[in-house]
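Report on the structure given below.
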Amino acid sequence: MSFLDDVVAGLSLPQKALPPKYFYDAAGSKLFERICRLPEYYLTRAELSLTRKNISSIGKFAGLGCELLEYGSGESLKTRLLIRALQPKAYLPVDISQTALQGAARRLAREFPWLRVLPVVADFSRPLELPQAKARRVAYFPGSTIGNLTPEEAHGFLARNRALADRMLVGVDLRKDANVLHAAYNDARGVTAAFNLNLLVRINRELGGDFDLRSFAHYAFYNAAYGRIEMHLVSSKRQKVRIGAHRFAFERGESIHTENSYKYSLEGFRTLAAQAGFSGSRAWTDRAGMFALHGLTAG
Ligand code: AVI
């Protein structure tokens, strides 16, 4: 499905929706980097701090000399910590953006001249084609990106990984006070709002849309029944929007659902992993108990 197909299909649903993978054009990726540095967005700092604090036991769990498969381009500090601790035989970053992968691979090669970097351009929500494994593989999925999948999609993703890796390290945001979650997705500087609205900017630019950005507002809330933050873009008036040859009508107050960010208790995520064929044999958390890194073992 192309960007246009996905947008047309999503805006034709009774609850209009857009896939969150389209947030990450160049401007969206920069906005996301800014989000990661916001005082309210605790996730990135908590995951980095738990990784630093526990790097030797994380390293023991994954094992020296494995092949490290990472979902993401490999730009983060956490990746560098892991590479230093694991001394992997090969590092396979998997990302949808060839440009992001090339840049990251170049920088990693400079920093770790001994490391074999094998970038894989792919969408991880689909089955992957990987080069032949020459050593045991460990898959790393940091950042709580698994929370942007529905539990059914997360189950499918984990189950597919059983064929690719016998151990996994998965970063997962923990359930917590709804006010803390609310602040993390409604920051005072409005960076998350700009990140959300950038989706419409992108549709206007790339698909010939005419979204009036002043008449859509960022709305994010914690849906406790589902254990997830939902992000929406809400139309402030009754209006029609054109995207190329297509037209979409909006009622006043009608929203486009742009993202879910699921939060899991330690037990809740272990159950999901077990249903997908992994036992949650280890979990590391930061001191304040905000975020978890799960060590999963196949079987
Ligand atoms: C990438 N992902 C884990 C982020 C999250 O927290 O769900 C994306 C994000 N959306 C709003 N802020 C950050």
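Both counts, for ligands and for their atoms, begin at 1 and track the order of listing.
Put simply, CG on L82 and CD on E70 are 7.5 Å apart, with the number rounded to the nearest 0.5 Å.
R116 meets the side-chain hydrogen bond (donor to acceptor under 3.5 Å, both in side chains) test with no other residue; sequence neighbours excluded.
In this structure, Y262 has its ring center no closer than 6.0 Å to that of Y226.
Listed by first then second residue, pairs satisfying ring-ring contact (aromatic ring centres under 6.0 Å, His included) with a partner in residues 153-180 read Y71-F157, F124-F157, F141-F157, not counting sequence neighbours.
L266 belongs to a hydrophobic cluster whose other members, connected by ILVMFWY side-chain contacts under 4.5 Å either directly or through intermediates, are L174.
Within 4.0 Å of ligand 1, counting heavy atoms only, the contacting residues are Y24, F32, I35, Y41, G143, S144, T145, N148, Y185, T192, F195, M231, E259, S261.
Between E111 and R80 there is a salt bridge, with a side-chain nitrogen of the basic residue lying less than 4.0 Å from a carboxylate oxygen of the acidic one.
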